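Read the numbers this way: they start at 1 and go in the same order the structure lists the ligands and their atoms. Model, not experiment: these values are computed from the prediction.
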Amino acid sequence: MGERLRLDRYLSEVSKRTRKEAKALIREGKVTVNQKVIHIPEQKINLETDQIALDGHLLCYCKMEYYLLNKPAGIVSASRDKREKTVVDLIQDRKREDLFPVGRLDKDTEGLLLITNDGVLAHQLLSPKRHIDKVYFAKIKGKVDTEDQKKFQEGLTVDEEFTAMPAKLDILRVWQEDNDFYSEIHLTIREGKFHQVKRMFLAVGKEVLYLKRIAMGSICLPETLKLGSYRALTEQEIEQLKEEVSKKGKE
Ligand code: URA
C-alpha cells in the first residue's frame, strides 16, 4: 500500500522548510499532488504512488542519500557558504537539502569525499575509535625515508597537543630536481585531525605540496571519476560501509 504521511510534514522534510512554512506554501496553492493543486496541509499522501510537486518541480522523498565526490582544489568542504561554492553545491542531482560532507578536506586537497545526510554513518566513519582507514596520495618536498616510516608507524608526536595514532607510510618514488628532493607517498591514517597529513610531514621537517584522498574504508576513488564529478554510492557500497563500521565498533 505504501507509507502515508501528511502533506505538510512531507513538504517540510523534503524541502527543509519549517512545518509553518510548509503549511503556508500549501495554502498558497504552490503544491500539487498528482498534478492537482491541494490547499489542505493535513491531506495524507502515499509515499509510493503519489507525485508531489512544489512550484512545478517534482519532489522526491528519499530519506538518505550517499554520494562519492572527486573533490577538486579550490572548493570548501562545507554544506553552505555565503561567499564560496561548496562541495554540496557540486552535487547537482541532490534531492535532499540536508546533505553534508563526511569530514573535511582542506580547500587545496583533492579526492574522495563522501556526501550524505546520514549523520549516524558519518559519525561512525569519522570516529577514531572505529579505526576506519583513510588513504592519501601526496607529493612531498623532501626525501621521505625509512626513518619517517618508523616514526609514523610508532605514532608520531606532531606537537604538544597531538600524537598521531600509528600510520602506514609507503614510499612510492623519490627523486631529485636541481638541489631539491621530492617524494611521492601513500599514507594510511585512522583519524581525521585538522590538517593532519600536512602536520605529520611538517613534524618530520617536510612539506606536503599536493594532497589527494584515494580511499576511505572500503570505498576507493575510481580512476574514471573526473575532478569535480560525483556518483551515487551503490546499495552494495552503502551496506559494505555500514557493515565495516559496525564490525570495527565491536573490535
Ligand atoms: N590532512 C590534511 O592535512 N589535509 C586534508 O585535507 C586531509 C588530511
- prompt: Salt bridge check: are Arg6 and Asp8 linked by an N-O gap of less than 4.0 Å?
  reply: yes

- request: Go through the side-chain N and O atoms of Tyr67 and Asp93 and say whether any donor and acceptor fall under 3.5 Å apart.
  value: no

Residue pairs, two or more places apart or on separate chains, that pass side-chain hydrogen bond (donor to acceptor under 3.5 Å, both in side chains) and touch residues 201-212: Glu110-Tyr210, Asp148-Lys206

query: Testing Lys168, Arg190, Arg213 for salt bridge (Lys or Arg N to Asp or Glu O under 4.0 Å) with Asp133, which one passes?
result: Arg190

message: Connecting only ILVMFWY residues whose side-chain heavy atoms lie within less than 4.5 Å of each other, what is the rest of Val76's hydrophobic cluster?
response: none

field: Contacts of Asp106 that satisfy salt bridge (charged side-chain N to carboxylate O under 4.0 Å, His left out) - sequence neighbours left out
entry: Lys198

task: Sort out the contact shell of ligand 1: every protein residue with a heavy-atom distance below 4.0 Å, listed by chain and number.
output: Leu105, Asp106, Thr109, Tyr136, His195, Gln196, Val197, Lys198, Leu211

